[in-house]
Each structure stands twice: as structure tokens, then as C-alpha cells.
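Chain letters run A, B, ... following the sequence lines, proteins first, then strands; residues in each count from 1.
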Number of protein chains: 2
Amino acid sequence: MARLAGVSRATVSYVLNNADAVRISEPTRRRVREAARELGYVPHAAARSLRAGHSRMVLMPAPAFPVGPVYSQFINDLQVALGRLDYTVVQYGTVGVHDDEAARAWAELRPVAVLVPGSGLGPRGVAVLKRSGARAVVTLGPETVEGAHALLMDHDVVGHSAGAHLFDQGRRRIGVVVPREPGLEAFSAPRLAGVRAALRGTGATVTELPLAHDEGAAARLAARWCELGLDAVFTYNDEYAMLLMRALQDAGVRVPEETAVVGADNLMLGRLLRPRLTTVHLDLPSGAELAALVDRAVRDPAAAPEAHKVMGASVIRRESG
Amino acid sequence: MARLAGVSRATVSYVLNNADAVRISEPTRRRVREAARELGYVPHAAARSLRAGHSRMVLMPAPAFPVGPVYSQFINDLQVALGRLDYTVVQYGTVGVHDDEAARAWAELRPVAVLVPGSGLGPRGVAVLKRSGARAVVTLGPETVEGAHALLMDHDVVGHSAGAHLFDQGRRRIGVVVPREPGLEAFSAPRLAGVRAALRGTGATVTELPLAHDEGAAARLAARWCELGLDAVFTYNDEYAMLLMRALQDAGVRVPEETAVVGADNLMLGRLLRPRLTTVHLDLPSGAELAALVDRAVRDPAAAPEAHKVMGASVIRRESG
DNA sequence: TTGAAAGCGATACCAA
DNA sequence: TTGGTATCGCTTTCAA
């Protein structure tokens, strides 16, 4: 670069990195800085991390489906928290690629840590990442993966809370909405399983209700509501709750008298519905906690992978059930 | 790497890149590939792009606020479309950094193209990026920036459509909700300005209504609704519409008889409200179009920056106004 | 058909 | 206090 500023590149490096090991005269520093500014010099991250043998990049796959405010906020907090620890968070757009192929694509960037939501990464993928220099691989999903740290976020508990709550309210024939939208199975399946688990052995029944997120589908489901004979429904989340509750009301089904409705995610919109929506609130780990875990793992990559159950769920009782 | 597979690294490179310039014997290819698999070898993107002098990385700043389904979908389509053209999309988590500082941070990664939503990037930032090798800088915002391609998405038209519609409906005292949430000014200010522009010279009045996205704030606003004397309100988007409409109804204000309500973004929830929400639908450019623009710009970086007006807005009339 | 070697940009050691 | 130089991993040209 600006060794046209009259000095060697080594000097440039010293100045721009405020190296304290060597001392550079003030005039030289100024000359270098000025030259850098004039030329619009920006260091080359690839060259730097090639030389250094490591980077401060934390890689996450970009979510492949429209994501709600809860997750948005989580990512955001995480970015801020990791930024404070001087990491750079990068969301990598992995289109349709899966598993090992995705892991290899990520590994090419030689991130210092990889955070993977969901269950798209297997032990082989983890191995690829670690061999390529990732000092921490953290999965955020329902189960631990060999070799990786895990933040166990089993959506099971969400369904479990909802199911237990409805049972306590005296409901015995419980429907569970399962979104037809692709990409959501990772959340919907455990939520359904959680309801089943909560009701196992109680004699209450659980009916799976596939539902697309559009009015027509909701109306059709509502139309056969009597025939289904359900006295409660857990709707996967608040948005599906709004959709279904509207359809039920339009079909003349009284909520909560004839059918209780419970959503999840505790979105603002639930409070605005009438009746006000009972919902399951999720306690996600704070961005700062996760950032701290990542940092610890990076500093001591040899440590045994930690696994933490981090998702709490609690019912917020309002009017719909 | 696996020159422990008995060959030179040159050969490895040839094999793994399917170089057609040179011919490698089939047995050698097999040996190399097997060794690569066994060792879990993954090429080092930094080294590669350092040597090549360029990358296929398209960089976007990660949004700093919870983002709705419309934008989510847009990003997603874009990622898919650019992926088809063999680019890799990376969302860079720029915490609180702004302007030139952000531009420099991005430039360090030497992306081949940079897409910047909003108006956070000035001509200096563009210059930094281009000097550091970005072959295309595209802004997605209200105005063109010197040196960059622009997809002009002036939210002005959203407000304009809403204002004109309400005026056509005979409304003359029009409120405009402006979210208090930080990070949304980039959208809310032009939407407000659009309403003003649509009504300029008509004698209709425009009243700015700052509103936080919570129930209390909405209730307080609704409580002084009579005193405000408005006969219509454009609520920035559908979510604020839901919030305010609920508060108005709870306060006994009849919608649309006393006050018309118009939202924006055409979210599903608007259809589920009663009265059904009139809204402004946004026509964003498809991911494929934007991807094509990026690709063209990358192929011919010398070409004059293009500027396209790409945002259309149309009112979807339902029941609320 | 394969190997040797230069070079991309930044850093860190050693010598001047 | 500074400059020269080896090095990181990979691609590519030239030679063998």
C-alpha cells in the first residue's frame, strides 16, 4: 500500500495497529496516517487472517424463512453482545444447501466460531468445522450434537406448558395446529410432541391440525370444527392463533366457552385480540449469555462441550383460555 | 494440505477446481479427492480470494431492528437469486457503527458487491468501498448516492397513496402515526412526507402522531382522540394499525364511521381484523431483478450507475377506510 | 502429466 | 527508530 508514503510496509503495519512493541516517531506516524487517509486505505481482512491464522468472525447461517420479532431481537442482542467482545458476526446465506455441504461452505471462511440454530448440523459437519479451525461450534436446537456445545432449546416445553395449562382448565379434547409452511417443522414438531407428553396417560386426546397460514384454510378448518369435537386448541404460535380464532368466531364458535385457544410467543398482537389471547411466553437466553458462552469456548477450545437447557416457557393467562 | 497424498499442491488445486487447462490422470484425481475427503480438507477462502484478487461475496449490513415478513422475504429471494448466479450473500452485523466507519469495516472483507438498504451510506463511504475493490455498490433507499447504483425505494409513495385515498374518501383531517421506535425513521419520515405531499394545497390537514408500539401509549392517544378531531388516520403500517384501531374501538370511537384507518404492508393480520383493514400494498422489486442488476454491475463496473424507481404502492381497500 | 516457484497483503521477527 | 524478509494457503505460469 502506501509505501509511497515514504516508509516500508512494516512501518505502516506498526502504525495502523498501534503496535506497542516497537516505537515509531510521531512525524512518521502522522505521515503514515495521512497517506492512509488520502489513499482510502483499508486493511485486507483476508490477508490479515491468513497471516494471523485465525479471525474474529462468528458465523451464523441466515434463517431461510420469515422470522418473527422474537428471533430478530435475539439475533440482534447477540450481535451487539459479541460485538462488545470484539467479534464480528456474519450471517451466511446458505440457500438450499444442507448438512455437510453447508458445513464445508462455512468452513471455507475459517470462522473462529459457528452458531447453528435448528438441527441442520450433524457430527460430521461439526468435525469439518473444527478441523478447519473453528474453535467453537454451538448448536441452538433441540438436541446435542457430538463435539459441539449446545444451547438446548427444545420447543417441547412450549407445547408442554400449553398442554398442561389446558388440562388444568378442564379441557380434554385438545387440537394442536401444525403449520403447513415449510421450514417450521423444526419448531412445530416439538411443540406438538410437548403437548402429547403433557397429556400422556391423562385420558385427554390430542388431535393434530395441519393448517396453512391463509384465511381460506382457516375457514375450512373452522367449518368442520363441530365434527372435530374439540374443546381446546394450541395454535403453534400467536399468529396462527389470530388466524384460527378469527375463523372460529366467524364460524360461530364461542371462544373460550366452547373452545379455548392458546397461542405462543407472547406477541403484542395477542393482547389486542378479543378475547385477549392466552399465550406461552418463551424465555430465551440473553444475547449476552450466549456471547459469553462463545467467548469461553473460543478461549478454551479443548474444554468439553457444554450443554445447557436454556429455554423456559410459561403460560400467560388472558381471556381466550 | 494433503500433499501427503503424494502429489504437489498444484495438482491438488487443479483437481479440486476441475481445471480444464491441464489434464490430470484419473488415478491421481481419485487419490487427491480421497485424501481431501479423509483429511476433511476445505479450501481457505481468504487465501483463495487473496490470490485471485477478488471474491464472489455480496455483502449486506444486517438490519438493526426487528424486520417484518415483507423484508424477510425480500432478503431471502435475493439470497436465492444471487446464489443462482454463484454469489455468496453475507449479512454483516454492524452494531452501532455508522457511515464511513461501517463502510471501512465492510471494505475490509473485500466484497465484490455491497447492497445497502436505507440511507446510512454517503458518497465517501461509496468511494471507500469502490477503491477497495467493490465492483458494485447498490443502495436501496430514498435517494441516489454519488457513485452508487440505486434502487430508489422512496416510502414517500406509500404515504402518498394513503393520503390520496383518504382524501378521495372525503376525509379532511388526517392523522399520521409515526413510530417512536428507533431505527424506523428511515421509513416513517418519508411515509409522513408522502401524506403531506398528497394533501398539499387541498386544504386538508395533516397531524403527526408519535406512537410507541405498546398498549398504554395507544390508549393514551385514543383517549384524546375527540380533542384531536381527526376523521382519518394513516398508521405507518398494519401493526400500528392494529394497535391503534384496538385502542380506538376500546375508547368508543367507531371505525370507519368516525375515523377511517389505513395501514400499510398488506400483512395477513389486516384481513383478520374487524373491520377488515384497508392497507397500502408495497411492490418491491423481485430478488431476481436485483440480483440481475448486481450481476450486470459486477460485470461492467465502469458503466454509469443506474438508478431505478422500484417501489410501487397501491391501496387495497377493505372495510376500515 | 506433474512439480517448482512466484506472488496476493499483512504481520512479526531480526538486523541495521 | 526503521527496513528487509519469511510466512500464511492458494492459484497460476513455466519448466521438466
Problem set entry | Residue A/R84 excluded, over 12 heavy atoms near CZ under 6.0 Å | no
Expected list for residues 106-128 of chain B: side-chain donor-acceptor pairs under 3.5 angstrom, two or more places apart:
unit_1	atom_1	unit_2	atom_2	d
B/W106	NE1	B/T94	OG1	3.0
B/R110	NE	B/S132	O	3.4
B/R110	NH1	A/V42	O	3.4
B/R110	NH1	A/P43	O	3.3
B/R110	NH1	B/A107	O	2.8
B/R110	NH2	A/V42	O	2.7
B/R124	NE	B/D100	OD2	3.0
B/R124	NH2	B/D100	OD2	2.7

Problem set entry | 5' precedence on DNA chain C between B/R29 and A/V42 (nearest-nucleotide basis) | B/R29
Exercise. Any side-chain heavy-atom pair from A/L140 and A/F74 closer than 4.5 angstrom?
Worked result: yes
Exercise. Rounding to a whole Å, what distance do you find between B/L39:CG and D/dG9:P?
Worked result: 14 Å
For this session: For residues B/D154 and B/M311, determine if any side-chain heavy atom of one lies less than 4.5 Å from a side-chain heavy atom of the other.
Result: no
Exercise. Do the non-hydrogen side-chain atoms of B/I75 and B/Q91 ever get within less than 4.5 Å of each other?
Worked result: yes
Would you list the protein and nucleotides 11-14 of chain D atom pairs, both N or O, that sit under 3.5 Å from each other?
unit_1	atom_1	unit_2	atom_2	d
D/dT11	OP1	B/N17	ND2	3.3
D/dT11	OP1	B/R48	NE	2.9
D/dT11	OP1	B/R48	NH2	3.2
D/dT11	OP2	B/S13	OG	2.9
D/dT11	OP2	B/N17	ND2	3.4
D/dT11	O2	B/R51	NH1	2.3
D/dT13	O4	B/Y14	OH	2.9

Seminar exercise, completed: Per atom distances to the A/S25 side chain, the nearest of C/dA10, D/dG9, D/dT1 is D/dT1
Exercise. Which of the following nucleotides, D/dG9, C/dT1, D/dT2, is nearest to the side chain of B/T28?
Worked result: C/dT1
Seminar exercise, completed: Taken to the nearest whole Å, NE2/A/H44 to C1'/C/dC8 is 8 Å
For this session: Take atom CG of A/N18 and atom P of C/dT11, then tell me their distance rounded to the nearest Å.
Result: 12 Å
Seminar exercise, completed: note: B/E26, atom CD; C/dT2, atom C1'; distance rounded to Å ~ 16 Å
Exercise. Is there side-chain contact between A/Y71 and A/F65, with at least one heavy-atom pair below 4.5 Å?
Worked result: no
For this session: Could you check whether A/S49 gets within reach of a base, just the sugar-phosphate, or nothing at all, counting any heavy atom under 4.0 Å?
Result: nothing
Problem set entry | Whole angstrom value for the distance that separates C1' of D/dC8 from CZ of A/R110 | 11 Å
Exercise. For the pair made of CD1 in A/I24 and C1' in D/dG3, what is the distance, rounded to whole Å?
Worked result: 10 Å
For this session: Specify the separation, in whole Å, of atom NE2 of B/H54 and atom C1' of C/dG9.
Result: 16 Å
Exercise. Do NZ/NE/NH1/NH2 and the carboxylate oxygens of B/R299 and B/D295 come within less than 4.0 Å?
Worked result: yes
